[in-house]
Each structure stands twice: as structure tokens, then as C-alpha cells.
A.B. asks: 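My questions will all concern the structure given below.
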Amino acid sequence: MTSTTPSESPAPATGQTAGPAAVNSFQVDLRGLVDLLSHHLYSSPRVYVRELLQNAVDAITARHAHEPAAQVRIRLSASAGKVTIEDSGIGLTAAEAHSLLATIGRSSKRGSAPGGDTAEEIHGLETTRQEFLGQFGIGLLACFVVARQIRVVTRSARDPRAAPVEWLATDDGSYTVRELPHDARPEPGTTVHLEARPGAEEWMLPAKVEQLARDYGSLLPYDITFDGGEGDEPRPVTDRPAVWDRSYPTPAARRVALAGHCAQLFGFTPLDSIDLDLPVAGVRGVAYVLPEPTSPAHRAGHRVHLKGMLLTDQADNLLPDWAFFVRVVLDTDTLRPTASRENLYDDETLAAVREALGARVRAWLAELAASEPERLAAFLSVHHLGVKSLARHDAELLGLMLPWLPFETSDGSMSLEEFAAAHTDIHFTRTVEEFRQIAPIAAAHGLGVINAGYTYDADLLALLPSVRPELKVTELDAGAVTERLDQVPTGVELALAPFLSTARTRLEPQSCDVVLRAFQPVSVPALYLDDRQARQERDRTAALDNADSLWSGILGSLRGSGPRARLVLNHNNPLIRRIAGLPDPTLTGTAVESLYGQALLMSQRPLRPADSTLLNRAFLGLLEWATHSVEAQEDQK
């Protein structure tokens, strides 16, 4: 806030050897610093309450290091436009107030002790540094985000003979330090008085201050009370031990208590709760399972306390991405905060903790599968996507979950375990539309097909043979389906050869073959089938049609003999038999194009321009034939 500039040496004359460079101190613009804190470092002015509590807790921690038997307390009070916090911590001397309260980046917690501290006292502070909450030395100055004036009255516990000190600072960047009479503060400790700056009064209303104090400080290790100036007894702010660390008469009573805590904290009643106890990592807390499905892309905000002080309620890097079905609250003393102390620093320690927390969630799933199948079934009915996401990278978990994970199959909704018991050759489709078109026909002909059009299902099916080597898993292709459908007698197919020739000729421009089969259900006249290779060939052909001469040559050279799409006509269907018996080849061709268009629409695949043109042509052709037929009947009359 204030700074000094030592005398500068004159610049050396040309050709002379330069002397030592002058040493200058940075000039700090406090108004600029406050703007930086409020608009760029901190997300909200609300953090000033955290800074007050943090300084008080750190002062008491230092007092305990110096005097283990000392009785300590923190008292917070507020009235309109004013906030006061008092602690019985280590306190400061006049020299320390000059050095520590008005210097950016310096902290009494660094182990340096201005004003004549002994080496033993310095060592005591250094060894307890790991217990401090503050790590960045901005400290009290952050309160200028809401205060126009800060008054500190403090007395040092390290120097009982030192007089109390008043440090008074304003937001214009000036401060004064003066000694007070001994009776101004008989006991060691510090009292901080804030006066609101214009426009920030709402942050110092008693209800707001109490709410923020409870939010930030409910798990702090020292007793904190709040006095709203209403004549009532001071109310406790801290609520220890944490809900997950308390003793309960029965496991059911504990679950009820945790459910109430979750409802109060996150606003929902959890489906279940998972203990997160990692003593080696210094982490203790609980994960609450969401009662409703959520998107895998959703990044839930978790609530993290650092040594009891709330660090953030929006930590989105605490758990693996697959664990999107839980919300976590925990306390830690090992993870590093960011400079704003509003999130976690993503380093190797956090990565290790993230992996360990994920392993704990995974172990919970295994425990449910082994001993509480009803709870597991209830969980999977809501959050099977999260488990599928995890199982993609964990073959052991996939094997464990096979009897439980639901899939949509041609035999109905069931687990992979149940489906594999009926089908050793498993086929799957990559789109929901393709599955829904083929599923009734596959079921009627004993073909086992799984819908892998949903999130993660294709990945799990690819992993399935590593868990169950006796199973064969392949993507469904047109040939596999056609082979399962009943052949039409040879004599019948020979009799219909002219019809089939006409049909194949009309659909050749669409790169589609025509096949005659007999299949169920009878109500389906035609089935459009293709696979990935057929779609790639169709896309290559479309690109060839729209390419210039250079690219036409390149794409033409890539033409292969890969499989093509198939229009499978159902000989069991009466409409197909009537069309096959039409005497007019032109009308037969138009009817075949209509069947192709209808089957393509039923498959819900995107239409190419050529497909749209064919549909329009077939529709208009049928209308023209129908109107001509009516005219011919009228002429006969």
C-alpha cells in the first residue's frame, strides 16, 4: 500500500563504467488492486467473509503452535454496514503490522518473524505452516472489495510486554499504525472492523454475513459464533464433526442423516450414498447418487473444503468423467487451491486423488453386485449409462455387471448375460433406426441383434469377447440378414425372373440390388438393408457424381467390388405377388421404385438427392397410372 524509493545513482557519462544499478520498490495502486481482485481473481465479493475467517483460523493455529494450552475462540458480528471479527490468536506487534498487513505477498505464516522473533519461534511457525489455510499472502487486503475502511486492533502473544496496536487503512491506499493503551486490548488476539464501501452494503447485512459464515466455515476446527446484534445469544457457526464422521445408532439412521444433509446441501434426496475415506490422501467425505438420470456430458459441481474451510462448490475436476451420476462433498488437507482459492489446482496430487475416488465408486458398485442386488438394480435403472461408461475401460467391471446392464435386443430389453445365453453369434446395429427396422424380422428368424445405437453400447459389445471368449460379436450386414430369411422355391424364382430383372434395372442407378425372400411378418412388403461398406460405396458414388474431372478420375479409380445395399422383397406379402404379376413393365418399374422409397423411409436413413427424385417420380407415376385407369374404365362405359 505504501512504498519507498531509495535514492537513485546518477546515470554514468558516456564511456564511463556504469556503477551499481539503483534498487527501486514497486508502487502499488490499491484501487487498481481492488479492481483486479473483484473482477479477475475472485468470482464474487462474498469471499471477503472467507478471508476474515481464514486469517482468524490461521492466527489461532499459530497461537496453538506457540502456546498449546491457550484457550481460543472466534467471534463474528454484523450490523448494517459494519462487520467485526475477533479472535484470540497469535496477534501482531507494531513492526509486524507495518510489515505484514500492508505488504502484498508477505504472510505471517511464512516463518519470517519481523521485530526480533527468535529462531525457535521462526521454526515453530514454519513447522506448522502446513496447517494454515492461507497460502498466497493477499489476506486482509481482499476485504477492500467490500470495505472502504479496515481497522485492526491487535496484541501479540509472542511479546506479552508489547502494547496493543491499531492499524487503520482506507481504500485510497493509505494507512496508519499507532500503539494503544494496554487496557485497549488486555488479551492477545486480533479484532478486525470493516465499514462498507458505497454500493457494497448488502454484503454486510447480518443475515448475509451469517449465511456466508456458515457456508464457508461450518467445518472449521475452532468454535466460531455469530452475533447479529438482535439481543439474542450468539449462534454457533461451526457444526462439527462433519455429518459423515458422526456416530449413529444404526446404518439406517446414518443413511437418513446423510439423505437429509444432501437435501439441505444440494437440494435432492439421494438414491444412495458412498463413503469417500482416503486417509493416505487426507480426504474424507461422501458422494451422493443423483435420483434422476443426467447427461454424461454434464460436469457436476462438487463441494470441497480445505482444512475445514469451503474452497468451492463448483469443483468439476474432482472425479473421473464417467462418475457424472454423483455429487460429492469432502474435506481435504492435501489438495492445492488455485490463487483465488476458489477451485482445485489440477496437478499430480489431484490426479491421484481423482483416480482413488473413482476406485472407491467402482468398489461400491462391486459391493452392491455381490451383496445387495436390489439396490444395484434400483441404481442401474436410473444410471446404467454411468456404469457403461466406466465398464468401457474396465473389463473386470464389465464381467461383474453383465447380469445387470440393460440392452435393447431383438428378444426384448435384457442383460448381456441373458442374451448371450440364447445367442452365441451376436450381431449389432450402429443406429437405433436400423435396429428398429430389422428387430421384428430378426426375432422372427432367430437372429440375435443388439441395438448399439445408444451411448457406449458399441464400445461395450466390442469388449464383450474379452470377457466371454466363446461369444462372437459382429456388426450386422445385409448378407447376414438375407441368409437367415427363407429362400423362395427355385421354380417360383425362375418364373419371376422377368420381374426381378425389371426391378434390378430400375434400382441400378441407386446402387441397390434386389433379392426375393419369404419372411415374417407378412405385413412388411420390402426391407432395405445395407452396412457400413455399402454406405461408404454409396457416398463415394455421390461424391463422384459431383466431382470435377480430376477428382472424378481419382474417385473412379477407387471403385471396388464391395457389398451394395439390398432391397429384399417379401414373397409372403400379397402386394409383392400382385406387383410381380403386372403385365406392364413400366408400371412394374414404378411400383418397385415406390417399394424402394417406402423401405428407405422406414429405415429412417437420410435421403440423397437421387433418392428424393426417385420418390417424386414414383409418386407421380402411380398417380398418372391411377388417373389413366379411371379414364379407361369410363371410356368402356
A.B. asks: Between Phe379 and Trp404, is the gap from one ring center to the other below 6.0 Å?
C.D. replies: no

A.B. asks: Which of parallel (below 30°), tilted (30 to 60°) and perpendicular (above 60°) describes His261 and Tyr288?
C.D. replies: tilted

A.B. asks: Can any side-chain N or O of Thr502 pair as donor or acceptor with the backbone N or O of Pro498 at less than 3.5 Å?
C.D. replies: yes

A.B. asks: Between the main-chain N or O of Val328 and the side-chain N or O of His302, is there a donor-acceptor pair closer than 3.5 Å?
C.D. replies: yes

A.B. asks: Hey, mind stepping through Arg362 and Leu390 against side chain to side chain contact (heavy atoms under 4.5 Å, CB included) and telling me if it holds?
C.D. replies: CA-CA 8 Å; Arg362 180 189 178 282; Leu390 172 58; 4.1 Å; yes

A.B. asks: Could you check whether any side-chain N or O of Arg468 sits under 3.5 Å from a backbone N or O of Pro465, counting only pairs where one atom can act as donor and the other as acceptor?
C.D. replies: no

A.B. asks: Specify the closest pair of heavy atoms between Arg360 and Asp275, including all atoms of both residues, with the distance to one decimal.
C.D. replies: NE-O, 3.1 Å

A.B. asks: Would one find more than 12 heavy atoms of other residues, nucleotides or ligands at under 6.0 Å from atom CD of Gln264?
C.D. replies: no

A.B. asks: Nearest 0.5 angstrom please: Leu485 CG to Leu527 CG, how far?
C.D. replies: 7.0 Å

A.B. asks: Would you please say whether a donor-acceptor pair under 3.5 Å links the side chains of Asp611 and Tyr596?
C.D. replies: yes

A.B. asks: Is it the case that the side chain of Thr424 and the backbone of Ala420 share a donor-acceptor pair, with hydrogens and angles ignored and the cut-off at 3.5 Å?
C.D. replies: no

A.B. asks: Please report the interatomic distance SG(Cys512) to CD(Glu593), rounded to the nearest 0.5 Å.
C.D. replies: 11.5 Å

A.B. asks: Counting only N and O atoms by type, is there a donor-acceptor contact under 3.5 Å from the side chain of Ser381 to the main-chain atoms of Ala378?
C.D. replies: yes

A.B. asks: Tell me whether Asn616 contacts the main-chain N or O of Ser612 through its side chain, where contact means a donor paired with an acceptor under 3.5 Å.
C.D. replies: yes

A.B. asks: Are the aromatic ring centres of Phe419 and Phe407 under 6.0 angstrom apart?
C.D. replies: no

A.B. asks: Could you tell me the separation between the CH2 atom of Trp322 and the CG atom of Asp394, rounded to the nearest 0.5 Å?
C.D. replies: 9.0 Å

A.B. asks: Consider only side-chain N and O atoms of Arg255 and Ser273, and report whether a donor and an acceptor are under 3.5 Å apart.
C.D. replies: no

A.B. asks: Find the distance between CD1 (Ile450) and CG (Leu476) and round it off to the nearest 0.5 Å.
C.D. replies: 11.5 Å

A.B. asks: Just wondering, do Leu567 and Leu529 contact through their side chains at under 4.5 Å, heavy atoms?
C.D. replies: no

A.B. asks: How many angstroms lie between CZ in Arg430 and CG in Asn451, if you round to the nearest 0.5 Å?
C.D. replies: 12.0 Å

A.B. asks: Please round to the nearest 0.5 Å and tell me the distance separating atom CD of Glu508 and atom OG1 of Thr505.
C.D. replies: 8.0 Å

A.B. asks: Would you please say whether a donor-acceptor pair under 3.5 Å links the side chains of His423 and Asp411?
C.D. replies: yes

A.B. asks: Between Asp346 and Arg354, is the salt bridge (charged side-chain N to carboxylate O under 4.0 Å, His left out) condition met? List the steps.
C.D. replies: CA-CA 10 Å; Asp346 210 334; Arg354 184 187 302 123; 3.0 Å; yes

A.B. asks: Got Pro525 and Leu595 here, is their nearest side-chain heavy-atom distance under 4.5 Å?
C.D. replies: yes

A.B. asks: Report, as yes or no, whether the 6.0 Å neighbourhood of atom CE on Met414 holds more than 12 heavy atoms from other residues, nucleotides or ligands.
C.D. replies: yes

A.B. asks: I would like to know whether Arg246 and Arg254 meet side chain to side chain contact (heavy atoms under 4.5 Å, CB included); could you show each step before the answer?
C.D. replies: CA-CA 9 Å; Arg246 297 175 188 173; Arg254 185 174 190 273; over 6 Å; no

A.B. asks: Does Leu306 reach the side chain of Asp333, with side-chain heavy atoms less than 4.5 Å apart?
C.D. replies: no

A.B. asks: Apply the test side chain to side chain contact (heavy atoms under 4.5 Å, CB included) to residues Val449 and Phe428: give CA-CA distance (whole Å), side-chain angles for both, the deciding distance (0.1 Å), then the verdict.
C.D. replies: CA-CA 5 Å; Val449 181; Phe428 67 91; 5.7 Å; no

A.B. asks: So, for Leu447 and Ser410, which heavy atoms are closest and what is the spacing to 0.1 Å?
C.D. replies: O-OG, 3.2 Å

A.B. asks: Can you name the closest pair of heavy atoms from Phe268 and Pro291 and give their distance?
C.D. replies: CD1-CD, 3.4 Å

A.B. asks: Just checking, Arg336 and Tyr345: is the charged tip under 6.0 Å from the six-membered ring centre and within 45° of the axis?
C.D. replies: yes

A.B. asks: Below 4.5 Å, heavy atoms only, C-beta onward: do Tyr456 and Val387 meet side chain to side chain?
C.D. replies: no

A.B. asks: Any side-chain heavy-atom pair from Leu290 and Arg327 closer than 4.5 angstrom?
C.D. replies: yes

A.B. asks: Does the side chain of His384 reach to within under 4.5 Å of the side chain of Pro406, using non-hydrogen atoms?
C.D. replies: yes

A.B. asks: Give a yes or no on whether a salt bridge exists between Arg375 and Glu367, defined as a side-chain N under 4.0 angstrom from a carboxylate O.
C.D. replies: no

A.B. asks: Can you tell me if Asn570 uses its side chain to pair, donor with acceptor, with the backbone of Phe519 under 3.5 Å?
C.D. replies: yes

A.B. asks: Are the side chain of Glu418 and the backbone N or O of Ser415 linked by a donor-acceptor pair below 3.5 Å?
C.D. replies: yes

A.B. asks: Walk me through whether Val326 and Ile274 qualify under side chain to side chain contact (heavy atoms under 4.5 Å, CB included).
C.D. replies: CA-CA 9 Å; Val326 297; Ile274 308 168; 4.3 Å; yes

A.B. asks: Which atom names give the shortest non-hydrogen contact between Leu385 and Thr455, and what distance separates them?
C.D. replies: CD2-O, 3.7 Å

A.B. asks: Under the criterion salt bridge (charged side-chain N to carboxylate O under 4.0 Å, His left out), I'd like the reasoning laid out for Lys388 against Asp457: C-alpha separation, chi angles, the key distance, then a yes or no.
C.D. replies: CA-CA 7 Å; Lys388 286 182 176 181; Asp457 284 3; 2.9 Å; yes

A.B. asks: Among Leu405, Leu464, Leu471, Ile426, exactly one meets side-chain contact (heavy atoms from CB on, under 4.5 Å) together with Leu416. Which residue is that?
C.D. replies: Leu464

A.B. asks: Kindly give the heavy-atom pair with the smallest separation between Ala452 and Leu461, and that separation in Å.
C.D. replies: CB-CD1, 3.8 Å

A.B. asks: Pick one: which of Glu434, Arg436, Glu475 meets side-chain contact (heavy atoms from CB on, under 4.5 Å) with Thr429?
C.D. replies: Glu434

A.B. asks: Would you find more than 12 non-hydrogen atoms of other residues, nucleotides or ligands less than 6.0 Å from Glu396 atom CD?
C.D. replies: no

A.B. asks: When you measure from the side chain of Arg504 to the backbone N and O of Val514, does any donor-acceptor pair fall under 3.5 Å?
C.D. replies: yes

A.B. asks: Using only atom types and a distance under 3.5 Å, with no angle test, would you say the side chain of Arg284 pairs donor to acceptor with the backbone of Trp244?
C.D. replies: yes

A.B. asks: Are the side chains of Thr349 and Leu335 in contact, using a 4.5 Å heavy-atom criterion?
C.D. replies: yes

A.B. asks: For residues Leu357 and Leu330, determine if any side-chain heavy atom of one lies less than 4.5 Å from a side-chain heavy atom of the other.
C.D. replies: yes

A.B. asks: Could you tell me which non-hydrogen atom of His383 sits nearest to which non-hydrogen atom of Glu292, and how far apart they are?
C.D. replies: CE1-O, 3.1 Å

A.B. asks: Checking salt bridge (charged side-chain N to carboxylate O under 4.0 Å, His left out) for the pair Arg303/Asp331: CA distance, chi angles, key distance, verdict?
C.D. replies: CA-CA 9 Å; Arg303 192 175 178 90; Asp331 189 20; over 6 Å; no

